[in-house]
Amino acid sequence: MSGGEREARPSGFRSGFAAVLGRPNVGKSTMVNRLVGEKVSIVSDRAQTTRRRIAGVVSAAEYQLVLLDLPGFQRPFDALTARMQRTVNDALEEVDAALVVLNAAEPFGGGDRFILAAVAASSTPTVIVANKVDLVPAMQLPKVLARARELAPAADVLPVSALTGQNLPAVLKALVAALPEGPRYFPAEESTDQPLELLVGELIREQALRRTREEVPHAIAVEVQSLEERRGRPLLEIEALLVVETESQKGILIGKGGALVKQIGSAARREIEAIVGAHVFLSLRVKVRKHWRRDDAFVERIL
Ligand code: GDP
Ligand code: MG
């Protein structure tokens, strides 16, 4: 697994990588952001929001935990989902621990069983959480937890809420306990391994996902074409493309008189400014690229 330079560390320092696994929409990215304390992975209620592996780094005096936010398990049907699936299988081989996220607010299903079986077969130390307990009436919680524990008799299941932060310190503690002694892989102030171009692309995509429905969110990709710091001024100039698959999707994203793309651009600009701490000038255009999801070379470039 790649990392930054190795720094001095106290003896007994623990470090390692934990894969965050779960069906789409259970709250994996929300949990990673909350544990890291910064938005490193975008969140939406649309399926396939997280398309590639994103590392979120939690650094403390005694440990460094690198959380790998992975795309949800899917059946491969095109270049994009095939790539996402590979990412998940590869990750389990390399990690020190796994965090399996279940959604306590919905019935558990085949997807959850599949993931728990994959983890059990890998003999990776595993922490299992039942997330979104803020949505579960207190009366029903014992029953929900009992069902979760039936699915995973060998491990404990922690009731948590990534949204409210409930029980997240216990999750962190359990994951850190599973880490071996090791070096700091990332500088302590770094919260993610993503190059700025990719993070910026993701923040733009998040705003586009929030404002589109049905098949449109799946068809959106963002390509950051240039990202330049103006010398001597705290100003970042960004040129980016919202890429979709059809003319009609392009029309939807542009909106009446350009209203939607403008909204997406200014909301994304505010998010980017908050993260980079500089003014941002964002030029955002919409472009059609037919069947981009089947185009391996394009997928490779944007993910
Ligand atoms: P992922 O697909 O597993 O990465 O899920 P996301 O982190 O993108 O979250 C999916 C949706 O669930 C978003 O709308 C989140 O705001 C919401 N969500 C995540 N965690 C919680 C939680 O603990 N409680 C509630 N009420 N909603 C949550
Ligand atoms: Mg996600």
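Scope of the values below: all heavy atoms of this structure, side chains included, with no hydrogens, waters or symmetry mates. All ligand and atom numbering here is 1-based and tracks the order in the structure.
For the Mg ion (ligand 2), the nearby protein N/O/S atoms, meaning those under 2.8 Å, are S29 OG, T50 OG1.
Shown in contact with N131 at under 4.0 Å from a heavy atom are these atoms of ligand 1, numbered in order with element: 20 (N), 21 (C), 23 (O). Against a heavy-atom cut-off of under 4.0 Å, S44 is close to the following atoms of ligand 1: 8 (O), 10 (C), 11 (C), 13 (C). Near K28, with a cut-off below 4.0 Å to any heavy atom, the atoms of ligand 1 are 1 (P), 2 (O), 3 (O), 4 (O), 5 (O), 7 (O). Heavy-atom proximity to L135, at under 4.0 Å, picks out these atoms of ligand 1: 26 (N).
A donor atom on one side chain and an acceptor atom on the other are found under 3.5 Å apart for E239 and S226. Side-chain atoms of S41 and N33 include no donor-acceptor pair closer than 3.5 Å. A donor and an acceptor atom, one from each side chain of T164 and D134, are nowhere located under 3.5 Å apart. In the model, R210 has no side-chain atom that pairs as donor or acceptor with a side-chain atom of Q263 under 3.5 Å.
Between R230 and E237 there is a salt bridge, since a side-chain N of the basic residue sits under 4.0 Å from a carboxylate O of the acidic one. Using a cut-off of 4.0 Å between Lys/Arg side-chain N and Asp/Glu carboxylate O, R23 and D112 are scored as salt-bridged. Using a 4.0 Å cut-off between a side-chain N of Lys or Arg and a carboxylate O of Asp or Glu, D295 and K290 do not qualify as a salt bridge. Ion pairing of R53 with D193 is present here, as a side-chain N (NZ or NE/NH1/NH2) and a carboxylate O approach within less than 4.0 Å. Contact check on R205 versus E202 returns a salt bridge, with a Lys/Arg side-chain nitrogen under 4.0 Å from an Asp/Glu carboxylate oxygen.
When heavy-atom distances to ligand 1 are checked against a 4.0 Å cut-off, L163 comes that close through both its backbone and its side chain.
At under 3.5 Å, a nitrogen or oxygen of V26, whether backbone or side chain, sits near a nitrogen or oxygen of ligand 1. Annotation: D69 places no N or O atom under 3.5 Å from an N or O atom of ligand 1; distance criterion only. Backbone and side-chain nitrogen or oxygen atoms of V43 are examined, and none is located within less than 3.5 angstrom of a nitrogen or oxygen of ligand 1.
When V133, N25, L168, V129 are checked for heavy-atom proximity to atom 10 (C) of ligand 1, N25 turns out nearest.
With hydrogens and angles ignored, the 3.5 Å screen pairs a side-chain donor or acceptor of T192 with a backbone N or O of A55. Side chain of Q207 to backbone of A267: no donor-acceptor contact under 3.5 angstrom is found.
The protein atom (non-hydrogen) at minimum distance from atom 19 (C) of ligand 1 is T30 OG1, 3.4 Å. Nearest protein neighbour of atom 5 (O) of ligand 1, counting heavy atoms only, is G27 N, 3.1 Å. Nearest protein heavy-atom neighbour of atom 18 (N) of ligand 1: K132 CE, 3.7 Å.
At least one heavy atom of D134 sits closer than 4.0 Å to an atom of ligand 1.
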Show your working on salt bridge (Lys or Arg N to Asp or Glu O under 4.0 Å) between E223 and R289 and close with a plain yes or no. CA-CA 11 Å; E223 188 174 10; R289 189 180 182 104; 5.1 Å; no
